[in-house]
Amino acid sequence: MRLRSLLTFLGAALSAAPALAVEIETMRHTLRAAAYDLVERDDAVFVEIASGPAYRVLLANGRLSFEPGTPDSGQSGAADALPDTEITRGPGMIRSAWLAAPTERYDHGVLGDAIEAGAVVAKLTDGTTARYDLGDDAVFEDRVARIVDMDGDGSDEILVVKSSLSVGAALALLAVRGGELVPVAEAPAIGMANRWLNPVGVADFDGDGQLEAAAVITPHIGGTLKLYEWRADKLIEDHAQFGFSNHAMGSRELGLAAVTDVNGDNVVDIVIPDAGRQNLSAVTFARGNFRELVQWPLVGRLTTAVLAADLDGDGDDEIIYGDADRSLNVIAFRP
């Protein structure tokens, strides 16, 4: 089924600006598989059937097709690794990174069990590894050690969720200094135990030339989408907007939001569920003003990652996600 609609939203912040229209094309394909995941590897999107094969998703002439494929599993396989960590890879100084040192010293269980990580490990270009271990008062409450370049200097950092046993979660940034992996910046913690946040991504979300790390604070109890800039040894809040959720309590899926330029203004936007995860919204912080560009309903409960990828090779990303109705959904934007 294919649905074309023109949705225009005018927020309070737009009182002095013209309404911004974004046209969307929605494509749905029902899968026979009862359980599947969506993964992105090397700029391609794959449907991974539970205990079965994988298929690359293709889009041509407005039609979805699938071809057999074998994406990288994304698992580290390293000794002492967190059982459900994903390995991340990059082309720079940090070639791969993962979470390690499983521990049960923090029993929050937001990611489905009481096992969290006590360390981050990075493999470097020279083949050596660097490792950072936390003390007994904190864990890395995460599954992914994200390789980023927060200051745009061409040198890698690692962004991860650090949770204090007493004051809850905070974004933490690690970097390699003299061959050692060390903390270089941290955001303020939420302020109490068993309160968590989930990162969205890193980009210049407001168009000011400075990269920001986006995250949803407390996505299960009224989430706030926040942007942080790296200044000295701190991650400082730059913008914030209430009303979003990019994680379901107890789920191992962290990727319920995607980063892409939706309206073609050369400022990166965020596609993210609302607080009840009933709708998806494309939102922008361009020029420092929050605006909702377009919103559309989720037909079924969101069950996979929300990915942004150029499926048809036209130079523009589509959004792809799966729902509980066993449907694969592709959203194309037409600014």
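Quantities reported herein were computed from a predicted structural model and do not represent experimental measurements.
Side-chain contact between Leu328 and Val57 is present, with heavy atoms from C-beta onward closer than 4.5 Å. Between Ile331 and Glu318, every side-chain heavy-atom pair lies at or beyond the 4.5 Å cut-off. You'll find the side chain of Leu38 reaches within 4.5 Å of the side chain of Ile320, heavy atoms only. Asp269 has its side chain out of reach of Phe285: every pair of non-hydrogen atoms, C-beta onward, lies at least 4.5 Å apart. Looking at heavy atoms from C-beta onward, Gln295 lies in side-chain contact with Asn279 at the 4.5 angstrom threshold. Contact check for Glu157 versus Ile94: no side-chain heavy atoms found under the 4.5 Å cut-off. The shortest side-chain heavy-atom distance between Phe333 and Asp261 does not fall under the 4.5 Å cut-off. Contact of the Leu302 side chain with the Arg277 side chain is not registered, since no non-hydrogen atoms from C-beta on lie closer than 4.5 Å.
Residues Leu227 and Leu235 fall into different hydrophobic clusters, defined by Ile, Leu, Val, Met, Phe, Trp and Tyr side chains chained together at heavy-atom separations under 4.5 Å. Cluster membership for Val306 and Leu293, using ILVMFWY side-chain heavy atoms within less than 4.5 angstrom, is shared. Side-chain heavy atoms closer than 4.5 Å link hydrophobic residues (I, L, V, M, F, W, Y) into clusters, and following such links, possibly through other members, connects Leu225 to Val268. Following chains of ILVMFWY side-chain contacts shorter than 4.5 Å, one cannot reach Trp230 starting from Ile147, and the two form parts of different hydrophobic clusters. Tracing side-chain contacts under 4.5 Å through hydrophobic residues (I, L, V, M, F, W, Y), one never reaches Val47 starting from Leu58; they form parts of separate clusters.
Salt bridge status for Glu25 with Arg334: present, with a side-chain N to carboxylate O gap under 4.0 Å. Between Arg231 and Asp151 there is no salt bridge, since no side-chain N of the basic residue sits under 4.0 Å from a carboxylate O of the acidic one. Here Glu186 does not pair with Lys234 in a salt bridge; the nearest charged N to carboxylate O distance is not below 4.0 Å.
Counting only distance, with no hydrogens or angles, the side chain of Asp80 and the backbone of Ala100 share no donor-acceptor pair below 3.5 Å. Between the side chain of Glu180 and the backbone N or O of Gly178 there is no donor-acceptor pair closer than 3.5 Å. In this structure, the side chain of Asp317 engages the main chain of Asp310 through a donor-acceptor pair within 3.5 Å. In this structure, Asp274 contributes its side chain and Ser281 its backbone to no donor-acceptor pair below 3.5 Å. Side-chain atoms of Trp196 come within 3.5 Å of backbone atoms of Glu141 as a donor-acceptor pair (strictly under, hydrogens ignored). A donor-acceptor distance shorter than 3.5 angstrom exists from the side chain of Thr284 to the backbone of Ala286, with no hydrogens or angles considered. At distances below 3.5 Å, at least one donor-acceptor pair connects side-chain atoms of Asp204 with backbone N or O atoms of Gly209. Not a single donor-acceptor pair under 3.5 Å links the side chain of Arg143 to the backbone N or O of Thr85. In terms of modelled atom types and a separation under 3.5 Å, the side chain of Ser245 and the main chain of His247 share a donor-acceptor contact. Counting only distance, with no hydrogens or angles, the side chain of Glu253 and the backbone of Gly255 share a donor-acceptor pair below 3.5 Å.
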Please assess Arg95 against Asp156 for the test salt bridge (charged side-chain N to carboxylate O under 4.0 Å, His left out), listing each intermediate value before the final yes or no.
CA-CA 9 Å; Arg95 289 302 173 90; Asp156 294 328; over 6 Å; no

One pair to check against salt bridge (charged side-chain N to carboxylate O under 4.0 Å, His left out): Arg28 and Asp323. What are the steps and the verdict?
CA-CA 10 Å; Arg28 287 173 60 83; Asp323 61 40; 3.0 Å; yes

Could you please spell out the steps behind the side chain to side chain contact (heavy atoms under 4.5 Å, CB included) verdict for Leu197 and Leu171?
CA-CA 8 Å; Leu197 62 88; Leu171 279 180; 3.7 Å; yes

Does the pair Asn246 and Phe244 meet the rule for a side chain to side chain contact (heavy atoms under 4.5 Å, CB included), with working shown?
CA-CA 7 Å; Asn246 62 341; Phe244 299 97; over 6 Å; no

For Val39 and Val45: C-alpha separation, side-chain torsions, deciding distance, then whether side chain to side chain contact (heavy atoms under 4.5 Å, CB included) applies.
CA-CA 6 Å; Val39 298; Val45 174; over 6 Å; no

Under the side chain to side chain contact (heavy atoms under 4.5 Å, CB included) rule, what do Val176 and Leu124 come out as? Steps first, then yes or no, please.
CA-CA 9 Å; Val176 178; Leu124 310 181; 3.8 Å; yes

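Shortest non-hydrogen contact noted between Ala257 and Ile272 is CB-CG1, 3.9 Å. For Asp325 against Val299, the heavy-atom pair with the smallest separation is OD2-CG1, 3.7 Å. The two residues Tyr36 and Ser327 come nearest to each other via the heavy atoms OH-O, 3.1 Å. Of all heavy-atom pairs between Ala308 and Val259, the closest is CB-O, 3.8 Å. The two residues Phe140 and Gly118 make their nearest non-hydrogen contact at CD1-C, 4.1 Å. Closest approach of Ala189 to Val167, counting heavy atoms only: CB-O, 3.5 Å.
Atoms CZ and NZ, on Arg131 and Lys123 in that order, are 15.5 Å from each other to the nearest 0.5 Å. Remark: Ser163 OG to Ile190 CD1 distance equals 7.5 Å, nearest 0.5 Å. Rounding to the nearest 0.5 Å places CH2 of Trp98 at 13.0 Å from CG of Leu82. Note that CG of Leu298 is 8.5 Å distant from CH2 of Trp296, once rounded to the nearest 0.5 Å. From Asp142, atom CG reaches atom CG of Leu159 across 8.5 Å, with rounding to the nearest 0.5 Å. Atom OG1 of Thr103 and atom CG of Asp136 lie 7.5 Å apart (nearest 0.5 Å).
Counted within 6.0 Å of CG on Asp113, heavy atoms from surrounding residues, nucleotides or ligands total more than 12; the atom is thus considered enclosed. More than 12 non-hydrogen atoms from other residues, nucleotides or ligands lie less than 6.0 angstrom from CG of Asp126. Counted within 6.0 Å of CD on Glu67, heavy atoms from surrounding residues, nucleotides or ligands total more than 12; the atom is thus considered enclosed. Other residues, nucleotides and ligands contribute more than 12 heavy atoms inside 6.0 Å of the CG atom of Asp314.
Note: His29 and Phe66 have tilted aromatic rings, judged against thresholds of 30 and 60 degrees for the angle between ring planes.
Taking the six-membered ring wherever Trp is involved, the centroid distance between the rings of His239 and Phe205 does not fall below 6.0 Å.
For the side chain to side chain contact (heavy atoms under 4.5 Å, CB included) criterion with Val139, the lone passing option out of Glu104, Lys162, Arg105 is Arg105.
Looking at Asp37 and Thr304, their side chains never bring a donor and an acceptor atom within 3.5 Å of each other.
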